[in-house]
Each structure stands twice: as structure tokens, then as C-alpha cells.
Amino acid sequence: MSIGRLLFGFALWLCGSFASALAEAIGPLELVQIHACRATSSLLLFRGEGFQQGHSARLEADLKSLDVAYRRIAEPSDRLRQSHELLVTQLQRGVSFGHKEEDVPWRYPQELSKALRDYLIAARTQSSDAARAELPAKVEYLAVQYLSRAYIGTFEIARENSDTYIGQDERTLLPAIDAQLQPLDGKVDPAVAKLKTRWSFLRAALRDLNSQSNALVSTSGRPYAPIMVDRHARSMSGQLLALGALSPSSSP
């Protein structure tokens with residue numbers, strides 16, 4: 001057998017192993033992390049883009065997906081149960097406020113970000129092998145950070161958890177995601193090629209997030225593009241879930 005055929009076979013095995021690993025690893029404790037981030041992004045989009053009905057419907061669908069995944073957890077810890085209830089409450093509060101900036105309590109952005117962080121930490125803590133399935137959650141968590149910065153101000157990450165994605169921003173997460181995607185060969189698997197193309201667009205925008213600055217401006221000085229980032233992030237996490245033979249509800 002030629003070296004070329006051996007390399008081709010190895011690449012096929014690598015891509016297959018990646019998909020199999022996702023299929024085995026992504027359970028309800030991992031899925032709730034993805035859906036919690038998606039629901040938060042939908043709320044930010046709903047308020048930031050003028051209370052459009054489509055964004056409201058997407059938030060409701062995300063909350064339903066979160067509920068379905070949560071109900072699949074056999075024995076949620078007390079910490080997870082309490083944080084789940086609080087996050088859902090905070091998301092519903094966000095819809096109830098009026099349309100003006102002064103209608104939103106000044107502490108609400110901090111309360112929302114804390115509710116999301118606490119929920120992600122609780123779910124990740126209960127998961128027995130969380131790190132294997134975190135790639136879609138990392139993408140969606142970065143999208144939340146980006147949309148927060150674009151619409152309501154800086155998103156406060158869990159800095160005390162800097163060894164996990166929940167305590168990291170784009171400066172750590174972008175190279176981490178690069179490292180996870182790098183071994184996959186898009187020449188062998190068209191789905192992987194599509195995934196990497198999506199990531200190249202998304203990565204360019206996320207690099208501009210400028211989390212190290214308190215000034216709410218991008219690194220390049222260009223306006224933020226939250227709608228584009230949201231679309232690509234959701235599509236990419238959906239592609240990753242599809243590689244794991246999973247099809248959670250996803251809005252375009």
C-alpha cells in the first residue's frame with residue numbers, strides 16, 4: 001500500500017474518531033451549556049436589535065431546547081437545579097423590561113452574566129468528562145461575550161475559573177479552538193472543510209473583540225458585527241453537533 005493511501009486512510013480515521021468522540025461525549029450536561037449560551041445570545045439579540053418577533057420566537061425555542069436537555073439529566077445536583085431556575089428567570093426578566101435603556105435595571109447585565117456563568121460552572125462540574133465535548137460550548141460562549149460587548153457592555157467572565165472556558169475570553173479561547181480544529185483534514189471530509197471555512201470567518205470577527213480594554217470599541221476600531229457573529233457561531237456549533245450525530249433545534 002502506498003504512503004499516500006496510508007495517509008488518506010489515517011485522515012479518514014481521524015475525522016471519524018472526532019465525530020465518534022462527539023457522539024459519545026455530548027450528553028445532556030454538555031448540551032445544556034450550549035443551549036444556555038444560545039438562549040442568552042437570543043435575548044441579547046432580541047433587545048439589541050429592536051425587539052423583533054423573530055428574535056423573540058428564537059429565544060422561546062432556545063428556552064425549550066434548554067428545558068429538554070435539562071430534563072434529560074438523570075440527577076441534577078442542587079447547585080445545577082438552582083442555577084437553572086435562576087438563569088431561566090433572568091432570561092425571562094430580560095424580555096419583560098421596556099424598550100428604553102433606562103427601563104433596564106442597571107445591575108441586570110451583571111446579574112444575567114453571573115446567572116449564565118453559575119449555570120455553566122454547575123453543569124460542567126457535574127459532567128464526568130466535560131472537556132471532550134466543550135468545543136461547541138466554547139464557540140457559543142464567545143458569541144455571548146461578543147454580543148454582550150456589542151449591545152450592553154463588557155461581559156464578566158469567571159476569572160476565578162481561568163483553567164476552564166468559562167473563565168476565558170478570546171485571547172485564550174481562539175488559540176484553544178484552533179488547536180482542536182487543526183488536526184482535522186478538510187480535504188478528506190467536506191463537512192470538516194465547511195466547518196473550517198465557517199470558523200475562518202467567525203475567528204476574524206472574534207479577534208476584534210478587544211476584551212482587554214474597558215473601552216467598548218473593537219481592536220480595529222470598526223463597528224461590532226453582532227448579527228454576523230451570532231449567525232456564524234450558531235451555524236458552527238450546529239455543524240459540530242451534527243458531526244456528533246445530534247440534531248438539537250437550531251434557528252438559522
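- Arg117 is listed as a side-chain neighbour of Glu156, based on a closest heavy-atom distance under 4.5 Å.
- For the pair Tyr151/Glu49, a side-chain contact is recorded, criterion being any heavy-atom separation below 4.5 Å from C-beta on.
- Residues Leu29 and Leu80 meet the side-chain proximity criterion, which asks for heavy atoms closer than 4.5 Å.
- Tyr70 and Tyr119 get closest at one heavy-atom pair: CD1-OH, 3.9 Å.
- Inter-residue side-chain proximity for Gln145 and Leu173 is flagged as met; some heavy-atom pair is nearer than 4.5 Å.
- Contact between Ile121 and Asn161 at its shortest, heavy atoms only, is CD1-OD1, 3.6 Å.
- At least one side-chain heavy atom of Leu142 sits less than 4.5 Å from a side-chain heavy atom of Ile177.
- Under the side-chain contact (heavy atoms from CB on, under 4.5 Å) test applied with Arg47, the options Leu147, Val104, Ile152, Val95 reduce to a single match, Val104.
- Among the candidates Glu60, Arg58, His55, the single residue satisfying the side-chain contact (heavy atoms from CB on, under 4.5 Å) test with Ser42 is Arg58.
- The hydrophobic clustering, which links ILVMFWY residues whose side-chain heavy atoms are closer than 4.5 Å, places Leu86 and Phe155 apart.
- No side-chain heavy atom of Asp62 sits less than 4.5 Å from a side-chain heavy atom of Leu91.
- Using a 4.0 Å cut-off between charged nitrogen and carboxylate oxygen, Asp67 and Lys64 do not count as a salt-bridge pair.
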